[in-house]
Each structure stands twice: as structure tokens, then as C-alpha cells.
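What follows is a short report on a single structure.
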Amino acid sequence: MNPQELWQRYQDWLYFHKDLGLYLDISRMRFSESLVESLKPKFARAFKDMDALERGGIANPDENRMVGHYWLRNPDIAPLELKKQIIENLDSIEEFVKKVHEGTIRSPEAQKFTDILSIGIGGSALGPEFVAEALSPDKPPLRVHFIDNTDPAGIDRILKRLHDRLNSTLVIVISKSGGTPETRNAMLEVKHAYEQQGLNFLAHAVAISKISELERIEGCLAEFPMFDWVGGRTSEMSSVGLLSASLMGIDARALLAGAKEMDIATRVPDLKRNPAALLALAWYAAGNGKGEKDMVVLPYKDALLLFSRYLQQLVMESLGKAKDLDGNTVHQGLAVYGNKGSTDQHAFVQQLRDGLANFFVTFIEVLEDRTGPSIEVKPEVTSGDFLSGFLQGTRHALYENSRDSITVTIARVDARSVGALIALYERAVGLYASLININAYHQPGVEAGKKAAEALLVLQRKILTVLKNTDQPQKLEALAQKADAGDRIEDVYKILRHLAANRRGVELHGDLAKPGSLTASFNRAASG
Ligand SMILES: O=P(O)(O)OC[C@H]1O[C@H](O)[C@H](O)[C@@H](O)[C@@H]1O
């Protein structure tokens, strides 16, 4: 297309939400009118599915659950019995936050809480992390820290940072299921750190979980529910996201209001007037409805750095499915990665421009450069002009080389626009899932890795028992046999190597470059 035709296509496909100041441009995605025509019946069904979901239908059939994240920002559309719960929960979060800020709720040792330590993983971490990075004020009433892993060194790093302020740190433990090992481990490690300092952990802890499932935290300072009908990856507007955001001084009501406005806009059953439907169309066109192209997310704004990581879970855990809703094997998905512009122009954008054309880009553009004035870094040019120029330049350069892109533009990064962005993508994922006929709201695949890990830990216990009861160094095959795992010698080897590296009493003898020749023994003196 020549520049005139492109300008026309830009105008033809531009979506603009006046109140939110949000633009969506899919003109640089190469799809044809005939594709749009052919998808119309699918979109009609997607709009109907979404309507049924919002009315409380069982949108997650495998788990027999309702899917209600849209109700969180507009309790009036929730089933009557849930409306009250949503409103009461928000009120109790606000009351709790007010008391923490005033110092009415405080730790036994300090006048006020100074820090938040948020423990959770996946959907119980990514939203709060993204929102904190995007919106935390320069001087928040409480500073936030996250532990979202079972990495001992990672846990130590955070605990060292908080060492002198542990007594004024509010620990929020977040787990929908109440049984995620990483979260449980981190909680026990943090509890241990409190005990080391002679502090009462429970007097500093808050639980966000299905009430009573986190038994180990019973008797804590406060508990907020994680509703069964809110999925982890869509839980930012529930207690999961709102508590830490409010404690940090972020306007949670504005976050909800932005999402609510976007929900209204994305409820419109008309492709061209519905930004989430336009996104779903663009994704479908890019990857043939099979995710054949990856989505590279490039926000040109440092505050939105974690958006791609947040979207990675939302999109990939929702759409990456083996079966469709009719039970056919489809292996669907849509890979998401990204970081930020213009930083990435000095890194992986080289490949985007010249290398493998297996992706489309989503630029996130923010019109307001900063709140204060800008100096000129060249005559009539500011740093923000550079940033904007780099975005436009990259968009051109990619398109010239047959690389497609979407651009989402917001006026500024604030609670309302961040709420709207989250809601936009939540809905786009839901609509796209309908187009490709999959259940976006379950995650059967993540269980496989968890089960395999559990089996390894069982094997580890067996190996240690065998080793502790033998005086002679054992060959790995023999050990595996004795641990009833004759066909898992490689697993046995990996377990031993890890234990040997961590003063757990295990010693490996022989040439480390030849794992098959090694023997192992247990030496109590080498443990601890
Ligand atoms: O909130 P939790 O129950 O602890 O779950 C945390 C995360 O882990 C699971 O494995 C799922 O894959 C995620 O969807 C979930 O958000």
C-alpha cells in the first residue's frame, strides 16, 4: 500500500475511546476484508459466549466454575448473592488500608507499618508486580517488595533488604488454592526470619486465600477472600491486586473505574466499535487462528516494563491448550514476550527488523512524556520527542519489511489507564478464545510439572535413606535400584549433584565429566 492508502486504512480501522483517551490502531496488521467477513459468525458467537459468561454461566466447564472478574469492577452486574460479597470486600480492604495508614493497625513493635512483603506466584504476583511498577508513587506510604519464587538466594536477597525493618513490615501471603509450594515455602522462610528476630510472624501477616485453606497462617492480622469465580491471572482487581495497591497509595477505585469503562466498551457486539474484538481479530489474522506468530509487546514507557510479563501469563496460560472445547487436539497458543522501547531497539529489535518474521509487535504508546517541563536535548527536540520518534520509526521500519504491528495509545500512565489496559486484554483473550473454541479459564497443563517435581522429592527422600544406611560409596545404578527407580538414573544423578552442592551430606566421587562413572556416599560431617 502507498502512504495515502495506509493513511486511509489507519483512519478506517482506528478505534478511539474518548473518555479513556485510548486509541487502538490495527491498520498495520495485514488482514483482508474477506477475512473480516468470514470471521463475522465466529465473532457473533464470541459476543454471545461473553454475554453468557457475564450473566454467570459456567464459562469454565472443566472446573465447573463461573468466571466473574468483570463483576469485580461492576458489582451491579454480578449475580445477586455475589454482589454483596464484592462490595463488602472492597469496603473492608479500604477500612484496613485506612487503619494501616493511620497506624491504628500496626505491628507490636512500630508506630506504623513501613513496608509490604507480598508473597505469591503467577496470578498471585504478576498483577501486583505490574501495577506496583507502573503506578507506585515516588514516596509511597508503604514500600512494596515481592517474593514470587522458592529460590533461597532470592528470598535471602529480599530478607536482607528488609532486615532492619522486618518488625514494621506487613507480610501479605497470596494464594488462591492455598497450596502452592513456592508460596508455602516462601511463607515458611519469612516466618522463620521473623522468629529469628524474636518477632511474632502472625502479628505482621495478612492472608489472601480461600479462607482457612492456608492453615499455617490462621490467627493472622487479617484475611481477605479470593473468590472461587476469579481466576488467578484475572485477579488484579480482586483482593490480590487491590490490597497492596491501596497500601502503596495507588487509587484502587480509579483502577476499577478504568477497567469498568473498558468493560463497557468491550461489551459492544460490533467488531469495529469494540477494541477487544479488534485485538482478537488482529491476533487471529496474524497467526491464522493458530498462534503461528508470536506477540512482541513493546511499551515505550519505563513504568510499563512489566506489562509484557503480565500479559505473558494472561495470554499464554489462557490460550495455550491441547484440546478445544469439543475435545479435538489442537495445541493452541499465542506466545508473548517483550520488554520496552526504545531500550530493545539496542537489543532484539535487530532480529525483528531483519531476521525471522515469526511475530507481530504490539507497541504501547503513552502520549504524555512526563508531568513536568522538558529540556531541549537538540534544538526544538526533547527526550520524549526522541522516544516518540523511535516508536514511530520502528513501526515504519518494521512495516516496510513486512513485519506487522498493533499500536495501543494511552494519554498517560495512571490508575485509570492501567485498569483499562488490563480489562482490554482480559476481554481480548476471552473473545479470541471463543474464536478458536477453547476454554481460556483453566490450566490443566501446569499440573504436569508440579507432579513430576513431587515425584522427584519423593525419590530424593528414598535416596537419602539408602545412602544413610550404607557405608560404602554406591554406584548410581545401584542407588537407583535400591530406591526403586532403576530406570531413573539420570534423576538420581541430578538429585545427588544438587545435594552435594548444598552441604546436605552427600559426596560424589570420581570424574564429574563422566556422570556414569560416579559413586556417592553420605558423610554426616559434610551436612549442615
Ligand atoms: O494463587 P495460587 O493458587 O497460589 O496459584 C498461583 C498460580 O499457580 C498455578 O500453578 C497456576 O498455574 C496459576 O494460574 C496460578 O496463578
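All of these numbers come straight from a predicted model, not from anything done at the bench. Whatever order the structure lists them in is the order used to number ligands and atoms, beginning at 1.
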Just to be sure I'm reading this right: ignoring hydrogens, which of [options] gets closest to [atom]? Compare them by their nearest heavy atoms.
atom                    : options                : value
atom 1 (O) of ligand 1  : S124, G231, S235       : S124
atom 14 (O) of ligand 1 : M226, Q443, E317, H442 : E317
atom 16 (O) of ligand 1 : S209, G178, G123, S175 : G123

Below 4.0 angstrom from a heavy atom of [X], which ligand 1 atoms are there? Numbered from 1 as shown, please.
X    : value
V446 : 10 (O), 12 (O)
Q313 : 13 (C), 14 (O), 16 (O)
S177 : 2 (P), 3 (O), 4 (O)
K176 : 1 (O), 2 (P), 3 (O), 4 (O)

Under a 3.5 Å distance rule, please check whether [X] uses its side chain to pair with a backbone N or O of [Y] as donor and acceptor.
X    : Y    : answer
R427 : D263 : yes
Q332 : D324 : no
K321 : N439 : yes
H101 : L247 : yes
Q312 : V336 : yes
S239 : P225 : yes

Checking a contact table here: which protein heavy atom is nearest [atom], and how many Å away?
atom                   : result
atom 6 (C) of ligand 1 : I121 O, 3.2 Å
atom 5 (O) of ligand 1 : T180 OG1, 3.5 Å
atom 9 (C) of ligand 1 : K450 NZ, 3.7 Å

Problem set entry | Lys/Arg-Asp/Glu bridge criterion (N-O < 4.0 Å) met for E88, K84 | yes
Exercise. Under 3.5 Å between some N or O of ligand 1 and some N or O of T183?
Worked result: no
Exercise. Looking only at side chains, do K176 and S209 share a donor and an acceptor under 3.5 Å apart?
Worked result: no
Problem set entry | Non-hydrogen atom of E182 closer than 4.0 Å to ligand 1 | no
